[in-house]
Protein chains: 2
Amino acid sequence: MSYNKKNEFNEYQINLAEFAKALSHPARIAILTQLAKKKTCICGEIVAVMPLAQSTVSQHLKELKNAGLINGEIDGPKSCYCINTGKLNDLANSFITLFGSLSGDCCSIKKGGDNE
Amino acid sequence: MSYNKKNEFNEYQINLAEFAKALSHPARIAILTQLAKKKTCICGEIVAVMPLAQSTVSQHLKELKNAGLINGEIDGPKSCYCINTGKLNDLANSFITLFGSLSGDCCSIKKGGDNE
DNA sequence: ATCACATATCGTAGATATACGATAAAAAGC
DNA sequence: GCTTTTTATCGTATATCTACGATATGTGAT
């Protein structure tokens, strides 16, 4: 019947979840980190640094682009990516706000020591 | 041959990605928000507020628990959940650090205006 | 012991995600 | 125009996620 109920939540929750999803693979974290490290926006270089096939990296780049976290531009035969700082900061701030709102103390459950 | 290469990334990246994955569904964001709102740790109440079946909510709770973001405790016939503030703050801080490191300015790509 | 209630787990169907190689597309150089 | 280089897309197999109903489990009351 229904195999996806994501849309029944509110936009704020959907947005945050989508952002989190974009970051939910180590390769995508690694790509973002790499893009930040070399301020010039590499592309084939990313492939070289990753333990993944070129096509797979390209797919991850596409997802990051779809999420709006990076921009891409064609530069001759190469492609040139860089972080979309505005969007990323926006979402990061939403996340930080969420974290803040979650930090309240909780009920009676054992605290201290048990961290997992 | 290999359908999962996540382990070929470093631990930091894997940890952040797992945290992000735990947050990558609106239902789980909603659950955390709800847990924070009512400081007393509800459980059946969560089901009541969600557009999901009881078993589905239970599954989401389990994932959050596996990720270490919430604690669960049996309280009579009910189950009682609450946010694991320590772990959540830890991970949140890692994320905030990541965001900080990504905020550098980028190459020549058009800036301003294009926010996807 | 039995019943009622709350929750967890099982089984499962369909959707998505992740990975790859193969191939297409687009630009630069010959 | 053809080749090389670089990247994107297609087709695909397998794994994982998401959802549900059904059922098991566990507790408290009767």
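Residue numbers start from 1 in every chain, and the chains themselves are labelled A, B, ... in the order their sequence lines are given, proteins ahead of strands.
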Please table the atom pairs, donor to acceptor, closer than 3.5 Å between any side-chain atom in residues 15-27 of chain A and protein atoms at least two apart or in another chain.
from: A/Ser24; atom 1: OG; to: A/Lys21; atom 2: O; distance (Å): 2.7
from: A/His25; atom 1: ND1; to: A/Ala27; atom 2: N; distance (Å): 3.0

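Taken from NZ in A/Lys37 to OG in B/Ser101, the straight-line distance is 11.0 Å, to the nearest 0.5 Å.
Note: CZ (A/Phe9) to C1' (D/dT18) measures 11 Å, nearest angstrom. D/dT6 atom C1' lies 16 Å from atom CD of A/Glu73, rounded to whole Å. When rounded to the nearest whole Å, the span between CG of A/Asn66 and C1' of C/dA17 equals 14 Å.
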Set out, in order, the CA-CA distance, both residues' side-chain angles and the distance that settles side-chain contact (heavy atoms from CB on, under 4.5 Å) for A/Leu64 and A/Ile83, then state yes or no.
CA-CA 9 Å; A/Leu64 287 170; A/Ile83 293 177; over 6 Å; no
Is there a side-chain contact (heavy atoms from CB on, under 4.5 Å) between A/Glu8 and B/Leu52 once you walk through the steps?
CA-CA 9 Å; A/Glu8 307 202 10; B/Leu52 298 172; over 6 Å; no
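Non-hydrogen atoms lying under 4.0 Å from DNA chain D are contributed by A/Gln54, A/Ser55, A/Ser58, A/Lys62, all within residues 51-64 of chain A. For DNA chain D, none of the residues of residues 14-30 of chain A falls under the heavy-atom distance limit of 4.0 Å.
In terms of heavy atoms, B/Leu91 sits closest to B/Leu69 at CD1-CD2, 3.8 Å. Residues B/Leu32 and A/Leu102 share a closest heavy-atom pair of O-CD2, 3.3 Å.
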Report all interatomic pairs (protein N or O, nucleotide N or O of nucleotides 27-30 of chain C) with separations under 3.5 Å.
none

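Under a hydrophobic clustering in which Ile, Leu, Val, Met, Phe, Trp and Tyr are joined whenever their side-chain heavy atoms come within less than 4.5 Å, directly or via other members, A/Leu61 and A/Val49 fall into different clusters.
In this structure, A/Lys5 reaches the D/dC20 phosphate: one of its side-chain N or O atoms is under 4.0 Å from OP1 or OP2.
Listed by first and then second residue, the side chain to side chain donor-acceptor pair (under 3.5 Å) pairs that reach into residues 54-64 of chain A are A/Arg28-A/His60, A/Arg28-A/Glu63, sequence neighbours excluded.
For the pair A/Ser79 and B/Lys6, both in contact range of DNA chain D, the more 5′-proximal nearest nucleotide belongs to A/Ser79.
A 4.5 Å side-chain heavy-atom check between B/Ile29 and A/Ile14 finds every atom pair outside the cut-off.
A donor-acceptor pair under 3.5 Å links the side-chain atoms of B/Asn10 to the main chain of B/Gln13, judged by distance alone.
Here A/Asn93 pairs with A/Ile96 under the side chain to side chain contact (heavy atoms under 4.5 Å, CB included) rule; sequence neighbours left out.
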